[in-house]
Amino acid sequence: MSRPVYVFGAGALGSLLGALLSRAAPVELLARPDHAAAIRRQGGVRVSMTRPGIYPVQVRESVGTLPEAALVLMTVKAFDLESALQALAPRLDASHLVVVLQNGLGIRSLAERVLGRSVVRAVTFMAASQEAPGRVAFNAAGKTYLPANGEVLELWRRSDMPAVQVDDIETYVWRKLAINAVINPLSALLHVTNGELAPLQRVAERLVQELAEVARREGQSLEARETVAKVLSSMQQTSLNCSSMLQDVRAGRRTEIDWINGAIVRLAQKHALAVPAHTQLLDLVRFVERNVRSHARGSRVLS
Ligand code: PAF
C-alpha cells in the first residue's frame, strides 16, 4: 500500500502531478479557495489534452495536519519555498518523506536547512498549464529524474509517469537550469509557446555558452553543444506549452527569474565572469514583471 500523497502548492504542475498520482495513492492538494471549490464541485482535478479526465483528489485550503506517513510533494514556486517549508516544519514527523521539485539552484540545501532533515531532490520535465480553477492542461509527459529512492520512483511509475533513477541529481538540476534559463525568459518576453522559440538557436547557444562557463567554475560539467541540443529538444517536446514564466507574466504574478537567470548572474559575479546575455534577460524580465504587476494592481494607467 502506498503512502498518502500531500501536494503542497496546487498550481499547474502540483495539480497535474496530484491528479496523475491519484491513480496509485490517495492524494490531497493544498489549494487556493477558488481552485479548491472547483475541485470539490466537479469531484476532482479536470485534466485536458494528454490523458484527459477527472481525477479524484481530496483538497484543503490551509496546511492543517499532515496524513500519517505522507509523501509531501513541494510544488510551490521557488520564491515561496522557504515560507512554505516554515509552515510545514512543525507538522512533520519521522514518518514523512519530503520531495522538492522547484526550478533553480540551491533548492535542496534551502529545504534541508529550513527543515533540519534530508529531503529528496527531484527534477521534472512534466509540462502543464492552469486553464481555470479546477482545470489543468497536461502539455507534455516529460521525464522526472530522481535520486536513489525506490519508493518515489515506484510511485511515479505506478502512476504511469516517466521516471528515471540517477546517481547524480545535481547534473540534472543544472541541465534543467539551462533549459529554464533559455526557454522561460525568452517565451515570457516574446509571448510565444516553447515550440515557437525554435528559430532562436543562436540566442540559445550564447546563453548556454555563458552558463557552461559558470557551471565549470562551480565544478559541474555542462558540455555546451550537447546542452544546446537538449534545450532545442525540450522546446520541441514541450512545443505547445506556455512556459511557467510566461504563465506568470500573463497572470501578473511574480516570476522565478531571480532563481533562474538571476542565480546564474550571481554565481558569475562570484567568479568574476561576465554573462551579458543572462544579465540582459534578467533586467528585461524584471522590467516586464514590475510593469505587468503594477498594471495588474491598477496603479499605472497605460495610454
Ligand atoms: O518552467 C517550465 O515551464 C518548464 O520547466 C519547461 C520544461 C520549460 C516547460 O515549459
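What you see below is based on every heavy atom in this structure, not just the backbone, and it leaves out hydrogens, waters and symmetry mates. This structure is a prediction, so every number in the text was calculated from the model and none was measured. Counting starts at 1 for both ligands and their atoms, following the listed order.
With sequence neighbours excluded, no residue forms a ring pair (Phe, Tyr, Trp, His ring centres under 6.0 Å) with Tyr55. Remark: Lys176 pairs with Asn103, Val123, Phe125, Asn180 by the side chain to side chain contact (heavy atoms under 4.5 Å, CB included) rule, at least two apart or across chains.
Note that the CG atom of Asn261 and the OG1 atom of Thr279 stand 9.0 Å from one another [nearest 0.5 Å].
Inspection of the Asn194 and Thr238 side chains reveals an N or O donor paired with an N or O acceptor under 3.5 Å. Of the N and O atoms on the side chains of Ser2 and Arg158, at least one donor lies less than 3.5 Å from an acceptor on the other residue.
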Per-pair distances, 0.1 Å, donor-acceptor, side chain in residues 195-211, under 3.5 Å, sequence neighbours excluded:
from	atom 1	to	atom 2	distance (Å)
Glu196	OE1	Thr193	N	2.8
Glu196	OE1	Thr193	OG1	2.9
Gln201	NE2	Glu205	OE2	3.2
Glu210	OE1	Ala277	N	3.2
Glu210	OE1	His278	N	3.2
Glu210	OE2	Ala277	N	2.9

Identify the protein atoms, limited to N or O, that lie within less than 3.5 Å of an N or O atom of ligand 1, and list each pair with its distance to 0.1 Å.
from	atom 1	to	atom 2	distance (Å)
ligand 1	1 (O)	Asn103	ND2	3.3
ligand 1	1 (O)	Asn180	ND2	3.4
ligand 1	1 (O)	Asn184	ND2	3.1
ligand 1	1 (O)	Ser244	OG	2.6
ligand 1	3 (O)	Ser244	N	2.8
ligand 1	3 (O)	Ser244	OG	3.4
ligand 1	5 (O)	Lys176	NZ	3.2
ligand 1	5 (O)	Asn180	ND2	3.0
ligand 1	10 (O)	Asn194	ND2	2.8
ligand 1	10 (O)	Asn241	ND2	2.8

